[in-house]
2 protein chains.
Amino acid sequence: MSTTALELSASLEDYLEAIYQVIAERGEARAKDIADRLSVAASSVTNALQGLVKRDLINHEPYDLITLTNEGERVARDVVHRHEVLANFFTEVLSVDEKTATDCACKMEHIVGDVILERLIAYIEYNRQSGNGNATWVEGKGFVQDA
Amino acid sequence: MSTTALELSASLEDYLEAIYQVIAERGEARAKDIADRLSVAASSVTNALQGLVKRDLINHEPYDLITLTNEGERVARDVVHRHEVLANFFTEVLSVDEKTATDCACKMEHIVGDVILERLIAYIEYNRQSGNGNATWVEGKGFVQDA
DNA sequence: ACCTTTTTTTAGTCATAGCTAAAATAGAGC
DNA sequence: GCTCTATTTTAGCTATGACTAAAAAAAGGT
């Protein structure tokens, strides 16, 4: 009897990530914090919480605090990790500004698979370590070899 | 009186792209072709076509052939362009296999903004032109400077 | 302890986007 | 021209995920 694992939508991943971050910042997470952070209505949060409970990613009794299950914490860390690698790549390698990098990473973090993520990590690392200088974006010139 | 342009979802962009490609390949596009290419039911195509007509991206009378409006052609080319740049980046720079590259590009093409796309294009170009050799992924070693 | 304010939940609506089944239309063969 | 088949559309259902408004619960101030 294989219980086909309920899939996690981009939307629910966003909620899970927000919960993880609020807990990291404030020590605890209430629905209001999540609503504020994601700029959605409080009722949308309640709705999402039910989805996350159903998937055993959070613990949540009505009107109570929200905590992450072990699995939830694992998945949340993974999403955050993806986000960080992507944002890092955009800023470090492509010399894109913070906001643009963050915005794009927020959407891509739900999409990029393991292989490409692994390559990005390796590529950033390679870029950082290579002794012979790296390319940087120069407005009007494109990528130019560093001095 | 500003007519707020109807937004184009990722889904509709996929349909538009498929229409563009089918026309490019076969000279004309019928609903069946689109359904086959996207692996969706015929009725889902009809539905999407109505959305694209409403946005003035295609011309389509019931039971008739599908053609692109000028705007539709412009948008379709743009999506295809994004797809190609992304897939190219994955294969050329990150040395990822075709299928992985294509799959990820298919999802990212709806997300990536102009700035990052421009940088990717420049980065690929820089990589291609730089005389001092480029990095390539070597299994078990990571990125290694080309000979 | 009680009243007010804030938070959370419930209930009900809407849009997107997929599906199946059935009806309508078009096209091909005879 | 009629009939059979393939295509397309309509109608109706599903799920997700947003919203508002109203009800319920919790928290704070005096």
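Only this structure's heavy atoms are used, side chains among them; waters, hydrogens and symmetry mates stay out. Proteins get letters first, then strands, A, B, ... in listed order; numbering begins at 1 in each.
Atom CG in A:L8 sits roughly 16 Å away from atom C1' in D:dA15 (whole-Å rounding). Between the CG atom of B:N47 and the P atom of C:dA21 there is a distance of 18 Å, rounded to whole Å. C:dT7 atom C1' lies 12 Å from atom CG of A:L65, rounded to whole Å. Atoms CD (B:E28) and P (C:dG27) sit 11 Å apart, rounded to a whole Å. The CG atom of A:D64 sits 15 Å away from the P atom of D:dA25 (whole-angstrom rounding). Between A:E61 atom CD and D:dA24 atom P there is a gap of 20 Å when expressed in whole angstrom units. Here C:dT5 presents its C1' atom at 15 Å from OH of A:Y63, a figure rounded to the nearest Å. Regarding A:L49, its CG atom lies at a distance of 15 Å from the P atom of D:dT16, rounded to whole Å.
For A:Y15 and D:dT16, the shortest distance from a side-chain N or O to OP1 or OP2 is not below 4.0 Å. Between B:Q50 and D:dT10 there is a side-chain polar atom (N or O) within less than 4.0 angstrom of OP1 or OP2.
Looking at A:S43, its side chain comes within 3.5 Å of the base of D:dT20 through a donor and an acceptor atom.
For A:S11, counting side-chain heavy atoms from C-beta on, the closest listed nucleotide (D:dT9, D:dG17, C:dT9) is D:dG17. Picking from D:dT9, D:dA18, C:dT9 the nucleotide with the shortest atom distance to the side chain of A:S44 gives D:dA18. Out of C:dA17, D:dA18, D:dT8, the shortest distance to the side chain of B:S9 is found at C:dA17.
As judged by a 4.0 angstrom heavy-atom cut-off over every strand, B:V45 is placed among residues making no nucleic acid contact. Here B:A41 lies in heavy-atom contact (under 4.0 Å) with a base. Here A:A42 lies in heavy-atom contact (under 4.0 Å) with a base.
Mapping B:V40 and B:K54 onto DNA chain C by nearest heavy atom places B:K54 at the nucleotide closer to the 5' end.
Although no hydrogens or angles enter the test, the distance criterion places no donor-acceptor pair under 3.5 Å between the side chain of B:R37 and the main chain of B:V22.
Between A:R74 and A:D78, no side-chain nitrogen of the basic residue sits less than 4.0 Å from a carboxylate oxygen of the acidic one, so the salt-bridge criterion is not met. By the 4.0 Å N-to-carboxylate-O rule, A:K32 lies close enough to A:D36 to be salt-bridged with it.
Side chains of A:T100 and A:D97: a donor-acceptor N/O pair is present below 3.5 angstrom, by distance only.
Ring centroids of B:F89 and A:F89 are separated by less than 6.0 Å, placing the two rings close together.
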